[in-house]
There are 2 protein chains.
Amino acid sequence: MADVAERAGVSAITVSRALHHPDRVSERTRAAIDAAIAELGYVPNLLAGGLASTNTRIVSMIVPYVTHGVFADAIQGASDAFDDTGFSVLLGNSGGSPQREETIVRNLLGHRPAGVLVQGANHTEATRRILQNAAVPVVEMGTLPARPIDMAVGYSNHEAARTMTRFLALRGRRRIAFVSVPPAENDRANERLRGFKLALEEMDLAFFPELVFHTRYGIPEGREALAYLLDRPEPPDAVFCASDLWAYGMVSECARRGIKVPDDIAITGFNDQELASETEPGITTIRVPRYEIGRVGGELIMKRIEGLAADKVVDLGFKLIERGSA
Amino acid sequence: MADVAERAGVSAITVSRALHHPDRVSERTRAAIDAAIAELGYVPNLLAGGLASTNTRIVSMIVPYVTHGVFADAIQGASDAFDDTGFSVLLGNSGGSPQREETIVRNLLGHRPAGVLVQGANHTEATRRILQNAAVPVVEMGTLPARPIDMAVGYSNHEAARTMTRFLALRGRRRIAFVSVPPAENDRANERLRGFKLALEEMDLAFFPELVFHTRYGIPEGREALAYLLDRPEPPDAVFCASDLWAYGMVSECARRGIKVPDDIAITGFNDQELASETEPGITTIRVPRYEIGRVGGELIMKRIEGLAADKVVDLGFKLIERGSA
DNA sequence: CTGAAAGCGCTAACAG
DNA sequence: CTGTTAGCGCTTTCAG
């Protein structure tokens, strides 16, 4: 910056001002500075700027996996929200472990981000404390936490699961299976299970522990889940899948086995990914605002950075998409 | 850090050493410092550290889209490569535009990353210059550029497309259609088209401009492409899809229309995404090292940061996966 | 509209 | 093994 200043015949602070508040600098000096910057290929050192101003253009974002379509969409949403603001996303992925999340949060906060976006509300107590003390806007994404760290944007996994389960019950289903990841790992999964159980209770249906199947994400895993469930002494007449991938595997496996969906068995998904409309019949599922969660999360952060008031908890809702598999 | 030093009864530099070179500090003072850090909840300011040492633990990564599975895998790979190193990924997404990429590169370099990972080799001249002058390791991912900026990791899109096209020709296909994004946008697409044309020539087959279809990524777009191609006066006997999504749409559309794959028409994909094995018949496609590209890219950066020699260009190869659709 | 001085929080280099 | 000094490149504050 000193070089630029010298070449433009001004002091460093004037260069700084030309960069951040072009209107506070005369047109002539600004032109000279711009020319000098271009000639020298000057790239401002954001570390120095951030240090001096205690004020960066970094937003940290922590997700469990980048490869899971739901989170990739959220990252894209946040990234888009920062378009043309000069803000960038500093990414961390926790692999779904609150312990790793804590390590990552600690590390990412070292970069003094202007805000933090974090997936879910399942944090260690230390993570909560650290984030609260960080004195930057924090958005928890994807759920509506009872006790938000700061802000949150998402939808109610509990209500979504409840809605879907009631839908199945109202269609006359009596033995509803539940397929999910191990709930200990994952607060979304927990919420969905709670909503599922509540709906069963409300509809006077029994909960069958032997019809609960935990597995990893994936289409083949859906097939395995179906095989397992059909092997029970009393198989289910419906399956609530907590992800479309499993539902896809099941519907395609049913086609292969000649099992009629939804006549013989109803199958529902979750997330409404691109796949969900590709089976025959299409998968009845819950559409969630994957991209919008990241986008609105980013916007909430930006609002607060600009000193504006921002909502504490934004419920983006969900939608039951009926396609034929239930 | 001053507070920590005071509380531990040492100077700031000793705290710094305890953090970065624990073995250069006596066990007692280290314990005292660790205690002080824990009590105070001290989070080191990486901006100050980076400024003082001209040495950050940030690696910038620029991809066209986060939501495209291929790039999401690469991000995950790079992120995993940095596990337990304290390095983080600073993400930029260009939307596929070299012009936007230039803006992003400029911005991300301001954070003085220790390395840069960038998708593809299709950059503006200014981007090339800026990256070369940045004096940090740079890895171009996903292609094997003729004129790499610094390092590269990927596979030959040209050879992959050529291999697949020859495969179709050897199976007796004569009128091979080509479905891709508009090539101007995208160097991978360009490379694939070149490989496709070369193979046609080698196999004494004609290239039919009317059998080239450009569209966006997506399953429905695959269906549209198929409809278009079947509507030609002389329809193709094979379709080379530059992405599995289109191939998926086509194979499922063929099933719907009662067209026999591969007897009536052969269909091939590219990337080997999860979908590719889900159609009936499965999609014959090119498996590319999506995750490994990010992973190895990250490792190359790390090697160079550690002062080790690193390969200039790493060819991770590709593999033709034969599944039945061709 | 422009500048001088001071300092952001840390680490390199040198000393002891 | 520990400390002192100086300075990284920028912005804040206060002047002019």
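In this structure, NE2 of H111(A) is placed 14 Å from C1' of dC10(C), rounded to the nearest angstrom. For the pair L47(A) CG and dG7(C) P, the computed distance is 22 Å after rounding to whole Å. Between I13(B) atom CD1 and dC14(C) atom C1' there is a gap of 11 Å when expressed in whole angstrom units. In this entry the distance linking CG of L51(B) with P of dG9(C) reads 12 Å, nearest Å. What separates CD1 of I33(A) from C1' of dT2(C) is a distance of 10 Å, to the nearest Å. Across the protein-nucleic acid pair, N45(B) atom CG and dG7(C) atom P stand 18 Å apart, rounded to whole Å. Note: CZ (R30(A)) to P (dC1(C)) measures 9 Å, nearest angstrom. The interatomic distance linking L19(B) (CG) with dT11(C) (P) rounds to 7 Å, in whole Å.
Salt bridge K303(A)/E299(A): absent, no basic N to carboxylate O contact under 4.0 Å. With respect to the salt-bridge test (charged N to carboxylate O, under 4.0 angstrom), the residues E125(A) and R147(A) qualify. For the pair R304(A) and D311(A), the salt-bridge criterion is not met [side-chain N within less than 4.0 Å of a carboxylate O].
Looking at heavy-atom distances under 4.0 Å, D3(B) makes no contact with the nucleic acid at all. Residue contacts for T54(A): at a heavy-atom cut-off of 4.0 Å it reaches no nucleic acid atom on any strand shown.
Heavy-atom contacts from other residues, nucleotides or ligands closer than 6.0 Å to CD of Q132(B) number more than 12. Under a cut-off of 6.0 angstrom, the local environment of CD in E39(B) is crowded, with over 12 non-hydrogen atoms contributed by other residues, nucleotides or ligands.
Distance alone, capped at 3.5 Å, places no donor-acceptor pair between the R7(B) side chain and the L40(B) backbone. T127(A) places no side-chain N or O within 3.5 Å of a backbone atom of H123(A) that could act as its donor or acceptor partner.
Along DNA chain D, the stretch of nucleotides lying under 4.0 Å from any heavy atom of chain A spans, 5' to 3', dG9(D) to dT12(D).
In this structure, N55(A) and A12(B) both approach DNA chain D, and ranking their closest nucleotides by distance from the 5' end singles out A12(B). Between L46(B) and R17(B), the residue anchored closer to the 5' end of DNA chain C is L46(B), taking for each the nucleotide with the nearest heavy atom.
Nearest to the side-chain atoms of S26(A) among the listed nucleotides dT11(C), dC1(C), dG7(C) stands dC1(C).
Applying the 4.0 Å criterion to OP1 and OP2 of dA4(C), one finds that S11(A) has every side-chain N and O outside that range.
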